[in-house]
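Throughout, a chain's letter reflects where its sequence line sits, starting with A, and its residues are numbered from 1. Scope of the values below: all heavy atoms of this structure, side chains included, with no hydrogens, waters or symmetry mates.
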Amino acid sequence: MTVEEVRAQLESKFGEAMGALSETKGDRFVVVKGDVIVDLCHFLKSTVGLEFDYCQDITAVDWPGRNVIEVVYHLYSLVHRHGIVLKVETDRSAPAVATVEGVWKAATWLEREIYDLFGVNFIGHSDMRRILLPDDWVGNPLRKDYKEAGGYHGVGNERVDPLVQLTKVTDEKRKAIAAAAAAEAATATTTATTTTTATATTTATTVEAAATAAGAGPSSEGKG
Amino acid sequence: MKISLALDSTSLTRRYPRLAVLVTLFMAFGLPLGLYVAALAVFPFNRPELLNAAAKEWLGWELAASPYRNLVYTGFLLLVAFIAVNYTAVFGGVSTWVERRVAGRMQSRIGPNRTGAAGFLAWVADAVKMVLKEDTIPASADNLLFRAAPYFSMVGLLLPFVVLPFGESTVVADMNVGVFYVTAVTAFVVVGILVSGWASNSKWALFGGIRGAAQVLSYEIPAGISLMVPVLMAGTLSLQGIVRAQGGCPWEWFVFQNPAATVAFIIAVTSSLAEGNRTPFDLPEAESELVAGYHAEYSGFRLAIFLMVEWANMWIMAGLAVTLFLGGWQIPFVSHAVYESARGSGLVPAPTWFLLQVASMLVFIVKTWALVFFFIWLRWTLPRVRVDQLMTLCWKYLVPGAFLCFIVTLLWLLVVPPMAVKITGILLTVFAAALLVKFLRDTRRNIDRVKGDRVDLSNW
Amino acid sequence: MAIDLELDRHILQRTSPTEEEIVVNFGPQHPSTHGVINFVTQTNGEVIRRSVPDIGYLHRGLEKIGEQVPYPGYMPFTDRIDYLAAMFANEGYAAAVERLLGIDAPPRAKYLRAIAGELCRISNHFISVGTMAQDIGAATPLTHALRERESVNDLLEELCGARLTFNYHRIGGVAFDVPEGWADKVLRFLDHLDSYIQEWDRLITFNKIFVKRLAGVGIITRAKAIDYGLAGPNLRGSGVNFDIRRDMPYGAYPDFDFNVPVGTGRVGILGDCWDRYFVRVQEIVESSKIVRQALAKLPDGDIQAKVARKLKPEAGEAVGRVESARGEMLYYVVSDGSEKAYRLRVRTGSFMAMGIIEELSSGIMVADLIAIIASLDVVAPEVDR
């Protein structure tokens, strides 16, 4: 069955609760009203000819511009080998939708993850608690306006920008680095205990430059 | 000149490879040799009357009348015990090396090969490392029991060595209740397991301890009954007596003398594996389930004791099986009269006697090592049974099997004439030899079947 | 710590433990939980009343990262979603973005994707069955399996430069072409592999103790498997004959002739641990078949379609599905017209498999829990992302 046929069969049962088939690029989906979703899913699963027995995925997308959080259901039928994508739009300020746990057990954990990362409450869920993050975590990370809370139980989240700027090392610069390294080696007695903590931030694009820069105080090269 | 002691990672043996080989050879041969020489020098005198005679002849001292005689006897006994304990420790350590190398070969890798030639000093290094580690005791553990638990196990390990006959006359004390003593005393190990599991105050350790107790106590029964079969056949509980009742050639071993004894041997070996917590019965310390089980909270020397108990226990199991079923130290075609005549009169036996002793000890060692190798082989091949399957095996199969063997042996001894026993011995030996040949041929065929595989003993 | 007590409270609220029961944590550091996963288990010593998985220890926020990194730049991150079967993770993401862009990879790239993917499946299944044997207690099969896997690692290293996190696929194709003589090496390995699998079967698959530990344990019926959304060998082990490669064909798979192994309850009951294990062993054989066919029919041509450096797909959404070694991997990409994804969702087979463990856990023994976790082939990075 094609998506149009499935949608037509659904519309004949649920009428105005069904939206139109989407026209955007890529896969097509159908927006449905949140209050019929459980009945709709029961209908999809039990009707002969439809028999959507496999819940492939339930996820959510946060649209702060439209002030909705979409809950997306990817459903599939192993019997008939057809699928459909349903979307329920929930109010972003208090997102809630009934759980489809009674239709497919797979929804139990999938909905918990949405609760954890988006904050959508699934009414009637048997075990509505966080799944990936610790129970006392504050906030829902996958929301677009998520701000980190400044640390967790004493572990801070301040960090230097991990995307280090890479700069090109030209020939002149390489010679200058080599000269500086030679000068330093001549003055200091080297022991075997050179710590190489700073080599991680050297920005040389060639290996030799990195090797010579190691002894010559890499601070200037690192952040440049 | 660069002075670079701190971070120079080249070890002494790496820089001087010949030194490594020398040290290894010294440890590998010198230690056991030293133990053997000490044993041979000491064991012929380990009875009070012999000590009296020796003191009289060499020191001119009437020991029997001296008020210090008990002190001297005790001191001598302590010396003998010292040798036996060292034997345990050395062979426990060496069997870890053998296990690691053999396991490595079976797993397509090498095993330890850095410390000493062929990695032989790895067990010494490990022992030293264990002793030097911090001795941690969990804060909520029961202090006294936690500290005492390893020693219970160690006592249970060391005591059976008292009656194990290493050679014709090299046995610490040949008690006339030898088998009974051994079964009684090996139960001490389970006390150690249980106490350590409880005293660690950790749920994991408790799991391991309870499992261990259930397992060892259950398997005491088939072990005990199957060990009675050679007792019946020999007519004595003394271990030396049982060995003397067998002969040197394979068809004179008890295991081949009647079919019930063969089955009893298999039951005895299986039960020993279970008592010693070896795979496939290593549930108390099931690494992939309980992360070390009853010795999870132990570190340093106490852990070393637990580990030594496990490996040296393998030796005890093998040694017992060899003594009771596989002919012990009996050399083929050398009867008891030969030893008697070689001894000669006089206090110190003649050199031929010593040579015969060494030969009998070698026979015992070789047989025991073969069985130890078989245990190692089993460990690295078979998966672990589940605890209820373990109990089912014990109570539904091994216990009735052991009883059956016992009864069949009784009837056999009553009914079958000696000539038939000899024929049975030869038949079963031929059958076992045929099985061995078939096994080797099958192995060869399996290796050849896999494209790109071949028998390669070259990379040690 | 406060966290543990919270979780205990959830369990204790559901089934009040009697005096003889204890609540113990299997993990998160444990040799057999296949990564950092915690199983809070209520047990009386051997029999488990309830075991609740506690996940999230390896949560790295990869879906959030997908919203902050441009489309082509996210490919190395997909390796980390499942580092044991990284080719499929790469392929799923590439498939989703290609669908969004409306482009198709050239035929040679599709074949190379199939070859690399099936070799990766062989590698992953060796780890899976090897660690399963180790969890059951046999230490040796693991080293043998890893030895065979080393050959695959070496082959893939020659192909794409990495042994584990391949970063081989690109949006529109693959990154590198087949090196000189690589095809012969692969064929030689496959010859050895086909005879080695028989030795593996003799050593461990039909070993009496192994069978007794796995047969009849952790039975997942067909209906339950579908209901809980299991995928891949877990689903097929319960008798459901469904494979994305054959039933929702993608890439070069329509050109290949291969069987899809399905559990039959051969030594126990349909849907037990042994069935799932045996499906994986058979899949190794099937993968070897596919690689042979692909190498024989490898077409010439480009290995990557012409794609802009800065990808800006039109607003829309697309789903890319691949039959990963661990089940169906579903990538759901939502685009808003910018060069970074608006939403990137990865649904993995292991996540669904974790969901069924609590259901299976009541009344089994501790050793069985280990066997079930191993047979479901769960890896922490896929569960937590």
Side-chain angles (χ1 to χ4, degrees), chain A residues 22-29 45 51-63 65 70 72 74-79 81-83 85 87 101 103-110 112-114 116-118 126-127 129-137 141-144 146 152-153 163, chain C residues 1-3 6-7 9-10 14 52-59 61 63-64 67 96 99-102 223-231 235 240-242 247-248 313-319 321 328 330 332-336 342-343 345-347 351-352 354-356 358-359 383-385:
Chain A
S22 73
E23 295 299 326
T24 51
K25 193 107 195 285
D27 293 335
R28 312 181 76 184
F29 56 90
K45 184 168 180 190
E51 275 156 315
F52 280 85
D53 50 2
Y54 193 61
C55 173
Q56 274 184 325
D57 193 17
I58 304 178
T59 184
V61 188
D62 185 23
W63 296 100
E70 282 177 342
V72 184
H74 288 96
L75 305 171
Y76 191 72
S77 166
L78 289 172
V79 179
R81 309 286 158 96
H82 56 219
V85 182
K87 286 199 185 186
E101 204 185 0
V103 188
W104 303 284
K105 288 272 176 29
T108 315
W109 272 41
L110 291 166
R112 269 181 72 187
E113 185 177 351
I114 301 173
D116 188 2
L117 298 173
F118 283 92
S126 62
D127 190 13
R129 59 188 170 101
R130 287 188 185 268
I131 189 169
L132 290 173
L133 298 170
D135 282 333
D136 54 355
W137 192 269
L142 275 181
R143 288 202 183 193
K144 295 290 178 188
Y146 173 71
Y152 177 74
H153 281 273
L163 294 175
Chain C
M1 287 253 326
I3 302 162
E6 288 289 311
L7 197 54
R9 180 167 59 79
H10 285 292
R14 282 211 284 265
V52 179
D54 173 24
I55 63 174
Y57 289 89
L58 200 48
H59 179 63
E63 293 184 1
K64 185 89 175 172
E67 298 169 13
R99 202 172 150 77
L100 202 54
L101 290 169
K224 216 186 231 183
I226 299 175
D227 202 24
Y228 272 88
L230 292 185
L235 188 64
V240 179
N241 197 346
F242 179 69
D247 299 322
M248 296 166 85
E314 289 173 31
E317 59 184 56
V319 165
R321 288 186 188 85
E328 170 199 341
L330 187 149
Y332 173 58
V333 181
V334 177
S335 156
D336 62 347
Y342 188 77
R343 169 86 172 103
R345 156 81 179 161
V346 188
R347 170 256 193 230
F351 185 77
M352 313 310 301
M354 288 299 291
I356 204 175
E358 184 177 350
E359 161 86 19
V383 176
D384 296 337
R385 284 152 286 125

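Proximity to chain A involves both the backbone and the side chain of C:M354, based on heavy atoms less than 4.5 angstrom apart. Only the backbone of A:V103 comes within contact range of chain C, judged by heavy atoms closer than 4.5 Å. Only the backbone of C:L230 comes within contact range of chain A, with heavy atoms under 4.5 Å apart. Contact of A:L78 with chain C is made through the side chain alone, with heavy-atom distances under 4.5 Å. For C:V319, the parts lying near chain A are the backbone and the side chain together; criterion is any non-hydrogen pair under 4.5 Å. Residue contact with chain A, scored on non-hydrogen atoms closer than 4.5 Å, involves the backbone and the side chain of C:A231 alike. Proximity to chain A is absent for every atom of C:V333, based on heavy atoms less than 4.5 angstrom apart. Interface residue C:I226: backbone and side-chain heavy atoms are both found under 4.5 Å from chain A. Using a 4.5 Å cut-off between heavy atoms, C:L101 touches chain A through its backbone atoms (N, CA, C, O) alone. Only the backbone of A:A60 comes within contact range of chain C, with heavy atoms under 4.5 Å apart. Contact annotation for C:Y342: both backbone and side-chain heavy atoms come within less than 4.5 Å of a heavy atom of chain A.
When each of C:R345, C:R385, C:E359 is scored by its heavy-atom pairs under 4.5 Å with chain A, the top score falls to C:R345. Among A:L133, A:T108, A:D62, A:L117, the residue making the largest number of heavy-atom pairs under 4.5 Å with chain C is A:D62.
Between A:R81 and C:D247, at least one side-chain N (NZ, or NE/NH1/NH2) sits under 4.0 Å from a carboxylate O, which counts as a salt bridge. Salt bridge annotation for A:K144-C:E67: present, with a cationic side-chain nitrogen under 4.0 angstrom from a carboxylate oxygen. Residues A:D127 and A:R112 are paired through a salt bridge, judged by an N-O separation under 4.0 Å between the basic side chain and the carboxylate.
Screening C:E317, C:R343, C:R321 for a side-chain hydrogen bond (donor to acceptor under 3.5 Å, both in side chains) with C:Y332, the sole residue that qualifies is C:E317.
Atom NZ of A:K105 is surrounded by 12 or fewer heavy atoms from other residues, nucleotides or ligands within 6.0 Å.
Of the possible donor and acceptor atoms, none in the side chain of A:D57 sits under 3.5 Å from a partner among the backbone N and O of C:R347. The main-chain N or O of A:F52 is found under 3.5 Å from a side-chain atom of A:W104 such that the two form a donor-acceptor pair. Side-chain atoms of A:D135 never come within 3.5 Å of backbone atoms of A:R129 as a donor-acceptor pair (strictly under, hydrogens ignored).
Summarising the geometry, atom CD belonging to A:Q56 is positioned 8.5 Å from atom CG belonging to A:L75; distances are rounded to the nearest 0.5 Å.
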